[in-house]
Amino acid sequence: MSYGDDVAPIANLNDQALGAMYDLSAPQPNYKDLIEAGGWFEPMEGMALSFLRENTEFVLRNHELFTSRVDMNLGNVRPMIPLNVDPPDHSKYRKLLDPLFAPRVMNEQEEDITRRANGFIDAFIERGECNFTEEFAELFPASIFLGLLGLPEDQMRMFLDMRDYILHPEKIDPDALLDIETRASVQAKGGQLIYDYFTDLIAKRLTDPSDDIISRFLAAEVGGDKLSHEDILDIMFLFVIAGLDTVSDSLTCFFAFLAQHPEHRQQIVDNPDIISSAVEELLRWESPVPGGVPRVATQDVTLPGGQQVKQGTAVLVNYGSADIDAATFGDPFEVRFDRENNPHIAFGGGVHRCLGSHLARRELRIVLREWHRRIPNYTLKPGHEELEYPQGLRHVKDLMLTWG
Ligand code: HEM
């Protein structure tokens, strides 16, 4: 599927690059090996992988040399907004979207997010165990996200299914794990579900406006123009996959770490004031989004590390390896909740830096606070110590926790 001649095609990046290059369960030692092996790989003609922080930052910060307008083959038929849009149009969309997720808006959500976190914990605390992935990590961020956007929370399962069609197609059809055509067909079906749902909602809101996100987008202007209906669909496509997956993934990585590191967990229990820096350190160490949109060179470029990049090459930068860069972080292999300077790039960098970072941080902090207040001691459930990190963004499938 192609958007047109001005868009660079990318073939099956998830499978070929991310999946094959390293073990998602414990990628940090592999990142170190890859950095020591030069930090730059060209697994095939037209594709390069960057594991060096200085190159990665250069690529992210020079959007005129490296375009994000790429076809990611995720079942979308047009570029996702704002992820696959370059400046200057990108800035216009961010001006519209940033206020929706601004720190002030997140301050107002504090109580609601706390209430929701406790509501999910209430459901299983007496049982003394839970499937953390399914009973908490999936549901909590989705409920907040739908609430924030005014979308129907009683249809959460449908939104999560839409996300799964795109990001976890093997959950919909197990053959999609290995068969590229099945994967593409499941993703295309998921894409259509998203487009159809929001096309109907746009039609409804044109005659019956509410205070939901679609009504707000219909009333909004970008650079003096109204958003087109396609623009709205292309924003919502990205929202469904970005808003419903990343915090869930992060939570499973965080709690898998904490369940296996009682001394770190105890620091949070004894001193909740360290939670903000614990969240930053766990984001750095786990880097749940290991890589972002491939950036395609718009001309021949020489990187700060000296590597030559030919025009048209898709560069896949790795955030996780940039976050264990020894020149940036003292003791990068130590997980230190008292780390003072922590310029991790788990939320990306440059103009496409994460739109939802304030929301994500707020959710992660509240969960660490409320969970450890109510369930200070927990471990991996016996018999479930072997953790599975499936392909895709870093997450733990069926993380089983138990407490006394
Ligand atoms: C801990 C959770 C999260 C992590 C680790 C994360 C990570 C990232 C990263 C690395 C990027 C940059 C991608 C690139 O440049 O290629 C990004 C962009 C983005 N994220 Fe997040 N994200 C998180 C949560 C969220 C949430 C909750 C939302 C919901 C609104 C969100 C929405 C977006 C959007 C819309 C973009 C594209 C921004 C642009 O292109 O200007 N993210 N995120």
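We're numbering straight along the sequence, starting at 1. For ligands, and for the atoms within them, numbers begin at 1 and follow the listed sequence.
Using the six-membered ring where Trp is involved, Phe239 and Phe145 have ring planes that are perpendicular, over 60° apart on the 30 and 60° scheme. Ring geometry for Tyr197 against Phe159 counts as perpendicular: the plane angle is over 60°, on a 0 to 90° scale with 30° as the lower cut. Note on ring orientation: taking the six-membered ring where Trp is involved, the planes of Phe136 and Trp371 are perpendicular (angle over 60°, cut-offs 30° and 60°).
When only non-hydrogen protein atoms are considered, atom 12 (C) of ligand 1 lies nearest to His352 O, 3.6 Å. In terms of protein heavy-atom proximity, atom 14 (C) of ligand 1 is nearest to Tyr319 OH, 3.3 Å. Protein heavy atom at the shortest distance from atom 38 (C) of ligand 1 is Arg94 NH1, 3.3 Å. At the top of the distance list for atom 1 (C) of ligand 1, counting protein heavy atoms only, stands Ser250 OG, 3.1 Å.
Between the choices His358, Arg295, Met72, the shortest heavy-atom distance to atom 15 (O) of ligand 1 belongs to Arg295. Distances from atom 35 (C) of ligand 1 to the heavy atoms of Ile241, Leu244, Leu83, Leu238 show the closest one on Leu238.
The CG atom of Leu65 sits 12.5 Å away from the CZ atom of Arg295 when rounded to the nearest 0.5 Å.
A cation-pi contact links Arg265 to Tyr378, judged by a cut-off of 6.0 Å to the six-membered ring centre and 45° from its axis.
Close approach of ligand 1 to Val293 (heavy-atom distance below 4.0 Å) involves ligand atoms 14 (C), 16 (O). The Ala346 neighbourhood of ligand 1 comprises atoms 5 (C), 7 (C), 10 (C), with distances under 4.0 Å to a heavy atom of that residue. The contact set between ligand 1 and Phe145, taken as ligand atoms under 4.0 Å from a residue heavy atom, comprises 29 (C), 30 (C). Residue Gly292 has at least one heavy-atom neighbour below 4.0 Å for each of these atoms of ligand 1: 16 (O). Set against the non-hydrogen atoms of Gly243, the atoms of ligand 1 under 4.0 Å away are 29 (C).
Look at Val351 and you'll find a heavy atom under 4.0 Å from some atom of ligand 1. Heavy atoms of Glu363 come nearer than 4.0 angstrom to ligand 1 in no pair at all. By the 4.0 Å heavy-atom criterion, Tyr93 is excluded from the residues contacting ligand 1. Residue contacts with ligand 1 include His90, since one of its heavy atoms falls under 4.0 Å from the ligand.
Within the 3.5 Å criterion, the main-chain N or O of Ser143 finds a donor-acceptor partner in the side chain of Arg116. Judged purely by atom type and a 3.5 angstrom limit, His358 has no side-chain atom pairing as donor or acceptor with the backbone of Met106. Between the side chain of Arg284 and the backbone N or O of Asp323, at least one donor-acceptor pair lies under 3.5 Å. Side-chain N or O atoms of Asp300 include none that pairs as donor or acceptor with a backbone N or O of Gln308 at under 3.5 Å. Checking side-chain atoms of Glu388 against main-chain N and O of Lys397 turns up no donor-acceptor pair under 3.5 Å. Remark: the backbone N or O of Thr114 is paired with a side-chain donor or acceptor of Asn118 at under 3.5 angstrom.
Among protein atoms, those of element N, O or S found less than 2.8 Å away from atom 21 (Fe) of ligand 1 are Cys354 SG.
The residues Asp86 and Arg69 are annotated as not salt-bridged, no charged nitrogen and carboxylate oxygen being separated by less than 4.0 angstrom.
Evaluated for a side chain to side chain contact (heavy atoms under 4.5 Å, CB included) with Phe217, the options Asp212, Asp231, Leu96 yield exactly one hit, Leu96.
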